[in-house]
Amino acid sequence: MFLLLSVMVAAAAALYYVKWRMSRQHMYELAEKLPGERGLPLIGNAMRFALSPNKILHTLYDMSFQDDFQDLAKIWLGHRLMVILVNPKDIELILSSNVHLRKSPEYRYFEPWFGNGLLISYGDTWKTHRKMIAPTFHLNVLKRFMDEFNKNSKRVIDRMNTEEGKPFDCHDYMSEIMVETLLETVMGVKQAAQGRNCLTYALSVMDVCDIMHARQTKIWLRPDSLFKWTYMAKEFDKHLGIIMNLTNKVFMKKKDDYSQNRVTTLPVKEEKEEKKVEKKIIVEDAKNNDKFSYGQSAGLKDDLDVDDNEIGEKKRLPFLEAMIERAHNGDGLTDQEIKNQVNTIMFEGHDTTAAGSSFFLCVMGARPDIQEKVLEEIDSIFGDSDREVTFQDTLELKYLERCIMETLRLFPPVPAISRELEHDLQLASRPDLVIPTGCSVIVGTFKLHRRPDIYPNPEVFNPDHFLPENAASRHYYSFIPFSAGPRSCVGRKYAMLKLKILLANIMRQFKVKPGKPMEEWRLQADIILKRTDGFDVALERRKHVKA
Ligand code: HEM
């Protein structure tokens with residue numbers, strides 16, 4: 001009886017497997033033609049990822065130099081087909097599309113944290129929320145944050161003073177200040193930014209990301225039914241609790257302020273100079289001749305580039321206040337939905353800029369020749385004055401800007417992004433190849449940014465890559481640290497403005513002593529790019545020069 005039952009179960013399983021394989025026949029046929037390894041039955045290439053995060057990045061990067069990986073490569077993670085794209089023409093097909101907007105299933109590990117937040121939502125929900133959120137990151141709103149950006153720079157400079165002269169890891173300092181700045185600007189909540197809560201929050205975010213990244217790359221951690229028994233699951237819940245605790249507090253505080261009618265929005269500066277600068281920016285935008293201040297290739301436009309006139313006075317509220325007001329006015333936003341967006345923006349807004357600024361400071365140590373030029377530009381603008389960095393200054397800090405862009409090229413904080421294909425996609429670089437519906441397409445930003453045919457000597461830090469004449473000859477989608485197209489980063493302008501002000505202020509006070517050369521850095525594949533060997537820098541106080 002038992003034998004008969006076993007035979008019947010095995011036959012049913014075999015039948016199910018055959019049917020399942022047949023339903024995927026189309027995928028297998030198209031996948032067969034794609035370059036890349038076939039992988040083993042059932043597990044595919046999963047063993048390639050049974051490594052530590054820094055080894056994964058280096059293995060994948062080494063793989064990308066194989067002859068058959070010019071523009072794309074397939075990988076099988078168990079039964080899941082993933083296709084890595086690194087040709088800007090193919091990447092454009094994905095990122096500029098209004099069809100391929102669905103994030104791949106690998107993003108589902110964010111769900112307990114972000115719910116239907118902007119980064120992972122889809123369809124009408126994403127569209128409606130994007131329309132509500134994008135205007136809250138318009139330049140006119142960001143200009144209100146100038147004082148906060150300056151004050152927060154001073155705060156972190158004071159903290160780093162205690163480390164003067166000796167090597168220390170600057171990443172924790174950058175993370176903490178990025179969280180505080182977000183709370184005080186985008187969230188409009190001041191008190192919550194005091195104390196050491198922000199660093200605890202940032203450290204928990206890093207732990208949660210490590211766990212999610214492990215689940216993305218290790219197939220045995222993917223099923224919830226297995227994962228829940230692991231030690232990692234307990235750690236995940238613990239750290240998620242710490243994260244949610246801060247964001248809940250922020251939301252409740254702001255809601256309370258709103259219901260008590262307390263005005264917390266930062267005032268708009270109405271000085272003449274500011275008006276003039278604003279006009280200048282818009283004219284520049286309109287002429288379409290200098291997009292670099294915002295981390296995007298010239299000629300690429302998205303919903304953050306709308307003309308000033310299209311943003312009515314009424315819509316000019318910072319993010320959280322705008323969301324609460326909409327909910328109050330019956331715009332169909334629930335408390336939970338707002339909290340999901342707060343969680344999304346708190347994460348996207350701090351970990352990325354913390355990595356970007358930490359990489360920048362390490363670059364200054366690794367390349368004293370570049371640092372000299374940064375300091376020269378800064379001194380020519382500020383001399384020995386201790387005045388605040390103005391909006392106009394951020395336009396004039398051209399060399400600093402190119403260095404930030406070059407940092408984002410070589411060390412893109414988001415090293416890869418991924419979409420689930422809704423339709424077969426014929427490639428532009430190889431029209432003989434079609435990527436099948438249902439697979440995950442990975443946009444390999446890290447490798448794209450290091451293609452020798454796009455960036456000569458790609459491993460060498462060279463800010464001149466972003467001189468207008470050099471950038472003009474490149475494909476628009478060759479530089480995409482903030483992604484591009486309809487799902488591009490809504491915080492792009494915020495990030496560039498904040499980075500310029502923070503880094504200019506730090507470099508006015510400190511010089512980074514010569515440090516480890518870039519070739520020796522150990523990079524870590526993670527949701528946000530990191531260094532496994534730490535972001536060590538040694539700072540030296542600068543003697544100020546007269547302008
Ligand atoms: C150097 C800093 C930053 C970098 C490199 C960066 C990069 C990116 C990238 C690559 C994406 C697309 C992710 C994907 O498709 O998986 C993205 C999306 C997003 N980013 Fe950023 N980001 C930065 C800063 C910020 C800031 C400061 C904020 C907000 C304050 C922010 C908010 C968002 C949001 C909400 C999305 C989702 C947009 C959507 O799907 O419609 N980011 N970012």
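Both counts, for ligands and for their atoms, begin at 1 and track the order of listing.
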The protein heavy atom nearest to atom 6 (C) of ligand 1 is Phe482 CD2, 3.6 Å
Close approach, Phe319 and ligand 1, non-hydrogen under 4.0 angstrom: no
Going by an N to O cut-off under 4.0 Å, is there a salt bridge joining Lys530 and Asp351? yes
Dump the intermediate steps for side-chain hydrogen bond (donor to acceptor under 3.5 Å, both in side chains) on Thr334 and Gln336, then the final yes or no. CA-CA 5 Å; Thr334 64; Gln336 190 53 51; over 6 Å; no
Strictly under 4.0 Å, does any heavy atom of Lys103 approach an atom of ligand 1? yes
Atom 24 (C) of ligand 1 has as its nearest protein heavy atom Thr352 OG1, 3.3 Å
Would Gln341 and His129 satisfy side-chain hydrogen bond (donor to acceptor under 3.5 Å, both in side chains), going step by step from the backbone distance to the final call? CA-CA 9 Å; Gln341 304 299 0; His129 289 173; 2.9 Å; yes
Measure Pro481 to ligand 1 on non-hydrogen atoms and call it side chain, backbone, both or neither using the 4.0 Å cut-off. backbone
Which of the ligand 1 atoms, numbered from 1, are nearer than 4.0 Å to a heavy atom of Ala495: 2 (C), 24 (C)
Counting heavy atoms only, which part of Leu118 comes closer than 4.0 Å to ligand 1: side chain, backbone, both or neither? both
Looking at Tyr109 versus His213, is the centre-to-centre ring distance below 6.0 Å? no
Salt bridge flag under 4.0 Å for residues Lys254 and Glu321: yes
Evaluate Thr344 for polar contact with ligand 1, using N/O atom pairs at a separation under 3.5 Å. no
Of Glu184, Glu148, Glu176, which meets salt bridge (charged side-chain N to carboxylate O under 4.0 Å, His left out) against Arg155? Glu184
Phe110, Tyr107, Phe137: member with heavy atom nearest to atom 30 (C) of ligand 1: Phe137
Using the ring of each side chain (for Trp, its six-membered ring), is His100 parallel, tilted or perpendicular to His423, with breaks at 30° and 60°? perpendicular
Among Met187, Lys127, Met178, Glu348, which one puts a heavy atom closest to atom 33 (C) of ligand 1? Glu348
Relative to ligand 1, is Ser488 under 4.0 angstrom through side chain, backbone, both or neither, heavy atoms considered? backbone
Pairing of Arg326 and Asp331 as salt bridge, 4.0 angstrom limit: yes
Heavy-atom nearest neighbour in the protein, as seen from atom 26 (C) of ligand 1, with distance rounded to 0.1 Å: Gly349 CA, 3.4 Å
Check each heavy atom of Tyr494 against ligand 1 and say whether those closer than 4.0 Å belong to the side chain, the backbone, both or neither. side chain
Run the numbers on His350 and Tyr201 for ring pair (Phe, Tyr, Trp, His ring centres under 6.0 Å), then give the verdict. CA-CA 11 Å; His350 96 271; Tyr201 167 89; 5.6 Å; yes
Is the centre of the Phe360 ring less than 6.0 Å from the centre of the Phe411 ring? no
Ignoring hydrogens, just give me the one of Ala416, Cys489, Ser104 whose non-hydrogen atom is nearest atom 42 (N) of ligand 1. Cys489
At a non-hydrogen distance cut-off of under 4.0 Å, which region of Arg130 contacts ligand 1 (side chain, backbone, both, or neither)? side chain
Nearest protein heavy atom with distance in Å, relative to atom 13 (C) of ligand 1: Ile417 CG2, 3.7 Å
Which atom of Ala355 lies closest to which atom of Pro413, heavy atoms considered: CB-CB, 4.3 Å
Would you call the rings of Phe149 and Tyr494 parallel, tilted or perpendicular, where under 30° means parallel and over 60° means perpendicular? perpendicular
Where is the nearest protein heavy atom to atom 35 (C) of ligand 1: which residue, which atom, and how far? Val490 CG2, 3.4 Å
Report, in ascending order of atom number, the atoms of ligand 1 lying under 4.0 Å from any heavy atom of Thr353. 2 (C)
When you compare ligand 1 with Lys498, is there at least one nitrogen or oxygen pair between them that comes in under 3.5 angstrom? no
Heavy atoms only, cut-off 4.0 Å: how does Leu182 contact ligand 1, side chain, backbone, both, or neither? side chain
Would a line drawn from the ring center of Tyr107 to the ring center of Phe114 be shorter than 6.0 Å? no
Just to confirm my output: which protein heavy-atom neighbour is closest to atom 12 (C) of ligand 1, and how far is it? Ser483 CB, 3.8 Å
Provide, to 0.1 Å, the distance between atom 40 (O) of ligand 1 and the closest protein heavy atom, together with that atom's residue and name. Arg487 NE, 3.0 Å
